[in-house]
2 protein chains.
Amino acid sequence: MADGENDKLVLERFLPYRLSFLTNVISRKLARLYSEQFDITPHEWKVLANLSRHPNISAAKTGEKTAMDKVAVSRAIKGLCDKGLVHKVFSSEDRRRSVLNLTKKGGDIYHQIEPLVIEYENSLRDILSQEEQNQLDRLLSKLTTHVGG
Amino acid sequence: MADGENDKLVLERFLPYRLSFLTNVISRKLARLYSEQFDITPHEWKVLANLSRHPNISAAKTGEKTAMDKVAVSRAIKGLCDKGLVHKVFSSEDRRRSVLNLTKKGGDIYHQIEPLVIEYENSLRDILSQEEQNQLDRLLSKLTTHVGG
DNA sequence: TTATTATAGTTACATATGAAACTTATTTCA
DNA sequence: TGAAATAAGTTTCATATGTAACTATAATAA
């Protein structure tokens, strides 16, 4: 560190901000795919997608799977129930625990949105060569495991 | 796409969510470096850092440089002025335009935080080999230019 | 038992954020 | 000129978010 370059903060090169900028742009574009047409928030979409893959799950489990905190999960579920996209009952074995499922309507809407979202991810990946995609997956995994939850 | 794997959404593998998760963890840790000791918000820190590098700048230019919207910039500047870290006057040539500078106190605090932040970035980069760091910089640049601001 | 502790989920409160409206100053150009 | 359009910043309002407090249920253990 003799050149006096690495001990000055330059926002344009600062890794956390570069990551954050890219992520924000991508998240905004992604959200537009379901927020406008379907009036679904990002949290709601995440819960919906997770319920599609993992039916009969509780709110707490949903939080684990999606890395959302329990308040965000609770609100997303409330929103989805109000819109008739999710059905909630409480478990008869443990009446604290909810049992969640997509309704018919929820499933229908999910299957309308899913291809749009997958297409968007593909459009992102297509910016990169196959080699670069592998690098990206690897780097994300490595960083994510090391920064700790 | 014949194997039926790439046409189902799996949150754990979905690029925007992996990016978002990593970014959120990093942003939270970064914010802790200045929020607790110095009572500075992320927006305020960003403006502070930018002013250190670009003195005598307006709020609008600050917004351009930091990719923040003008409301966030306005609020950050108000917070920094209230804390006595930034000095604001309006330009005599164009009295709509502000001219911003760090105060002595602002500069002092900035120079206390800067090494902590740089150290944190280094600790992130040190997770990766030099080769991987180059890959990451390259991938971020490529994705960022292609997703469009 | 029954008192204690822990868990699932919700609610309340305080703060953060973004979009649109607004104020003031400057520029444009009929 | 001076009316209309534009630009810089601020304020307002509606919504989003996170922390902590709260309710209800279940598990633990004395």
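First the proteins, then the strands, lettered A, B, ... as listed; each starts at 1.
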Practice task
Please check the phosphate of D:dG9 (OP1 and OP2 only) for any side-chain N or O of B:Ser98 closer than 4.0 Å.
Solution key: yes

Practice task
Report yes if at least one side-chain N or O of A:Ser58 is closer than 4.0 Å to OP1 or OP2 of C:dA8; otherwise report no.
Solution key: no

Practice task
Using a heavy-atom cut-off of under 4.0 Å over every strand shown, decide if A:Lys88 touches base, sugar-phosphate, or nothing.
Solution key: sugar-phosphate

Measure from [atom1] on [X] to [atom2] on [N] and round the result to the nearest Å.
X       : N      : atom1 : atom2 : answer
B:Lys70 : C:dT17 : NZ    : C1'   : 15 Å
A:Glu64 : C:dA8  : CD    : P     : 8 Å
B:Lys78 : C:dT15 : NZ    : C1'   : 15 Å
B:Met68 : D:dT10 : CE    : P     : 12 Å
A:Phe90 : D:dA26 : CZ    : P     : 11 Å
B:Arg97 : D:dA7  : CZ    : C1'   : 8 Å
A:Arg95 : D:dA27 : CZ    : P     : 12 Å
A:Ile77 : C:dG9  : CD1   : P     : 7 Å

Practice task
Flag yes if more than 12 heavy atoms outside A:Lys61 fall under 6.0 Å of its NZ atom; otherwise flag no.
Solution key: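 No, because the 6.0 Å sphere around NZ of A:Lys61 holds 12 heavy atoms or fewer from other groups.
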
Handout entry: Distance-only polar pair, side chains of B:Gln130 and B:Asn134, donor-acceptor under 3.5 Å
Key = yes

Problem - Pair A:Ser141, B:Arg18: side-chain N/O donor-acceptor within cut-off below 3.5 Å - result: yes

Problem - Under-3.5 Å donor-acceptor pair between B:Arg96 side chain and C:dT24 base - result: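 No pair found.
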
Problem - Protein proximity profile, nucleotides 14-19 of chain D - base contact B, sugar-phosphate-only contact S, no contact -, cut-off 4.0 Å on heavy atoms - result: ---BBB

Practice task
Given ring pair (Phe, Tyr, Trp, His ring centres under 6.0 Å), test A:Trp45 with A:Tyr110 step by step and report yes or no.
Solution key: CA-CA 8 Å; A:Trp45 166 248; A:Tyr110 177 74; 5.2 Å; yes

Exercise for the section: Would you mind checking if A:Lys83 and A:Glu44 are paired as a salt bridge, meaning a charged N to carboxylate O distance below 4.0 Å? Expected result: yes

Problem - Sidechain N-carboxylate O distance under 4.0 Å for B:Arg138, A:Glu132 - result: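 Yes.
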
Exercise for the section: Only one of B:Leu128, B:Leu124, B:Ile127 passes side chain to side chain contact (heavy atoms under 4.5 Å, CB included) with B:Gln133; say which it is. Expected result: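 Of the listed residues B:Leu128, B:Leu124, B:Ile127, the side chain to side chain contact (heavy atoms under 4.5 Å, CB included) partner of B:Gln133 is B:Leu128.
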
